[in-house]
2 protein chains.
Amino acid sequence: MLKEERQQFILNEVRIHNKVLLTDMADLLNVSVDTVRRDIKELDRSDQLKKVHGGAVSLGFNNYNPIGKKIYSLEKKALIAEKAMSLIKEGQIILLSGGTTNLELARRLPSKMKLTCFTPSLPIAVQLLSKTNIETIFIGGRLSKDSQITIGGSAINMLSEIKVDICFLGTNSIHPTEGLTEFDWEIVQMKKAMIHSSRKVVSPCISEKIGSMQRYKICGAEDIDVLITELEPWDAKLEAFKNMNIQLL
Amino acid sequence: MLKEERQQFILNEVRIHNKVLLTDMADLLNVSVDTVRRDIKELDRSDQLKKVHGGAVSLGFNNYNPIGKKIYSLEKKALIAEKAMSLIKEGQIILLSGGTTNLELARRLPSKMKLTCFTPSLPIAVQLLSKTNIETIFIGGRLSKDSQITIGGSAINMLSEIKVDICFLGTNSIHPTEGLTEFDWEIVQMKKAMIHSSRKVVSPCISEKIGSMQRYKICGAEDIDVLITELEPWDAKLEAFKNMNIQLL
DNA sequence: GCATGATTTGCAATTTAATGCCATTTTTTT
DNA sequence: AAAAAAATGGCATTAAATTGCAAATCATGC
């Protein structure tokens, strides 16, 4: 196998997953990690990806958390995404907020399923490009560099003009009494607008985030219709949500 | 077997597989690897493929943009992008249409330059994410899967609400008398709206596209302010544009 | 037909590049 | 602070490139 092929492969993996692990690449390509490291170093020097400790990430899609940890919670997010899939039916209009869990969901949407999909998230839009039967409508606005979604008046304005069947609301913090909270004020505004534009609100949320709280409130826990976690339905952490008319998945 | 035949065969293999191994070719053609090496060297010198350690790959083998399309005539586009850079000044508000030439331009924008940048192009937005001082505003709308830009009423609407200093209008076809033309009607609408929102219209355009024509008209050649090509200013192809009050770069 | 010169091809010696391995240092995680 | 994972730099091994050279092939003009 040519060096160029290998590098192309790595680049391709990065394009698809937004990140790669050195060890995975070494495994898949049957070369030593040193070689992959050298390849990634070259690709980094030629600005085709960004080298990070343990692997590489695609340019622009900055992974602020270390890559190893990310992979770990990725499994939970994958599980949540699988569950979320069961809520989606052919022909529906859905709205995907940002966040890596929703990105996992977007990745899993079958190419053959006819859907209309609104999103303010750049990585999700990129992911949806490859799904031939999904019509993607991007919510325009000012791009926030760290969350990689559009925010601001123009985006909220565009949201105010739509009504979708289901909104998958990437959730950073959820608390039985305090509800859904966020660190960033502008994102709060976006999420409020999203809830307002949706008939049904689904909150995919990994268990670590249950019970946590941040500065600004988006809505009460009772305002969401479905809570999806990677936990089994009888888990203690979910107890507090059981008499709230929330469907637990 | 003639040398010509052999080289044609190699070229064909490259076209089909995007790569060839030196040893495979030597085997298939029953000649020594030295011969194949010499053939590949010749083909490389005449720009028909790219020679690499151990074989050859097709031209443009690793010219991928962030979303995964190959960029052809990268060199020319890079040159145009460099020229275009000279038109941009700190603090300006610019509008970048889609197209790979503009993508090259976006790639070159210095991270430290303060700019506000509107774009309906997904790859360009991704590229701009990593530029810390550039505020990016994404024009929302329906995403066209092949051009990877947003189109449709919503996008045009958003464009109608802005006014920028310079618009870099990726150009598919330009003709001295027929003006700028496009194949896709929806993109025509977008480009018309972009022109309308801009004080100054710049058309970066590789020389192959000069003189060509497509189905729908965007605007007359005289409606653009600057034409940037990779050619020298005295090139014959540019003659027709010289008495049109267009700045040539 | 065949001698001549140019081109093409294969071979061998040498140089260069790619890869893997390992000891050491740095970074990350616990 | 200790342990684990990853990065770095040096070195050895192997594969490939380069160069020079000689043999083979070819076109040509006589």
Side-chain angles (χ1 to χ4, degrees), chain A residues 1-14 17-59 61-77 100 146 206-209 212, chain B residues 1-14 17-59 61-62:
Chain A
M1 181 177 236
L2 294 170
K3 191 179 73 164
E4 281 68 21
E5 276 185 87
R6 227 181 26 236
Q7 298 191 350
Q8 212 45 57
F9 180 88
I10 294 170
L11 222 43
N12 201 42
E13 287 296 302
V14 170
H17 304 298
N18 288 328
K19 64 188 163 258
V20 293
L21 293 181
L22 268 178
T23 48
D24 285 356
M25 288 302 102
D27 239 30
L28 281 160
L29 295 161
N30 280 316
V31 291
S32 71
V33 286
D34 300 67
T35 302
V36 177
R37 189 173 288 124
R38 276 186 271 241
D39 282 340
I40 286 179
K41 193 185 273 179
E42 275 186 43
L43 292 168
D44 182 39
R45 271 195 294 106
S46 59
D47 278 327
Q48 314 211 54
L49 48 69
K50 190 175 162 209
K51 183 175 171 306
V52 297
H53 197 93
V57 296
S58 74
L59 294 174
F61 291 79
N62 303 323
N63 281 352
Y64 25 90
N65 347 1
I67 193 159
K69 188 179 175 191
K70 202 137 200 166
I71 291 296
Y72 174 60
S73 59
L74 194 64
E75 285 172 23
K76 295 182 184 174
K77 288 176 180 176
T100 48
D146 51 335
I206 63 173
S207 57
E208 283 92 330
K209 293 172 176 174
S212 72
Chain B
M1 179 177 242
L2 294 167
K3 194 176 81 164
E4 291 300 313
E5 275 185 86
R6 227 180 28 234
Q7 297 195 349
Q8 238 11 78
F9 180 86
I10 293 170
L11 217 46
N12 204 41
E13 286 295 301
V14 170
H17 300 111
N18 279 323
K19 59 137 201 189
V20 292
L21 296 182
L22 213 54
T23 48
D24 286 357
M25 287 302 102
D27 239 28
L28 279 159
L29 296 161
N30 280 316
V31 291
S32 73
V33 286
D34 299 68
T35 305
V36 178
R37 191 173 286 126
R38 275 186 275 244
D39 283 340
I40 286 178
K41 193 187 270 178
E42 277 186 41
L43 293 168
D44 181 43
R45 271 194 284 106
S46 59
D47 279 326
Q48 307 200 250
L49 47 69
K50 189 173 164 211
K51 182 176 172 306
V52 297
H53 196 95
V57 297
S58 65
L59 292 175
F61 186 72
N62 68 14

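Here the structure is a predicted model, which means the values were calculated and not measured. A note on names: the letters A, B, ... follow the listed sequences, proteins ahead of strands, and every chain is numbered from 1.
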Exercise. Mind checking A:Val33 for me? I need base, sugar-phosphate or nothing, with any heavy atom below 4.0 Å counting as a touch.
Key: nothing
Quiz item: Looking at A:Ser32, does any N or O in its side chain come under 4.0 Å of the phosphate oxygens OP1/OP2 on C:dT19?
Solution: no
Quiz prompt | Phosphate-side-chain proximity, B:Lys41 and D:dA16, N/O vs OP1/OP2 below 4.0 Å | solution = no
Quiz item: When the distance from CD of A:Glu4 to C1' of C:dA17 is rounded to whole Å, what number comes out?
Solution: 12 Å
Quiz item: Starting at CD of A:Glu42 and ending at P of C:dA17, how long is that distance when rounded to a whole Å?
Solution: 12 Å
Quiz item: Side chains of A:Val14 and A:Val57: does their closest heavy-atom pair fall under 4.5 Å?
Solution: no
Exercise. Mind checking the CZ-CG spacing from B:Arg6 to B:Leu43? Nearest 0.5 Å is all I need.
Key: 10.0 Å
Exercise. Report yes if some heavy atom in the side chain of A:Leu21 is under 4.5 Å from a heavy atom in the side chain of A:Asp27; otherwise report no.
Key: no
Quiz item: Under 4.0 Å between a side-chain N/O of A:Arg38 and OP1 or OP2 of C:dA17, yes or no?
Solution: no
Quiz item: Should A:Glu4 and B:Lys50 count as an ion pair when the cut-off is N to O under 4.0 Å?
Solution: no
Quiz item: Counting just side-chain N and O atoms, does A:Arg6 come under 4.0 Å of either OP1 or OP2 of C:dA18?
Solution: no
Quiz item: Roughly how many Å is it from CG in B:Leu29 to C1' in C:dT9, rounded to a whole number?
Solution: 14 Å
Practice problem: Give a yes or no on whether a donor-acceptor pair under 3.5 Å exists between the nucleobase atoms of C:dG20, that is its base, and the side chain of A:Arg37. | Solution: no
Practice problem: Look at all strands and tell whether A:Val36 reaches a base, only sugar-phosphate, or nothing, counting heavy atoms closer than 4.0 Å. | Solution: nothing
Quiz prompt | Atom pair distance, as rounded to whole Å: CG in B:Leu21 and C1' in D:dA17 | solution = 16 Å
Quiz item: A:Asp34 has an atom CG; how far is it from atom C1' of C:dA18, in whole Å?
Solution: 12 Å
Quiz item: Between A:Lys51 and D:dT8, is there a side-chain N or O to OP1/OP2 distance below 4.0 Å?
Solution: yes
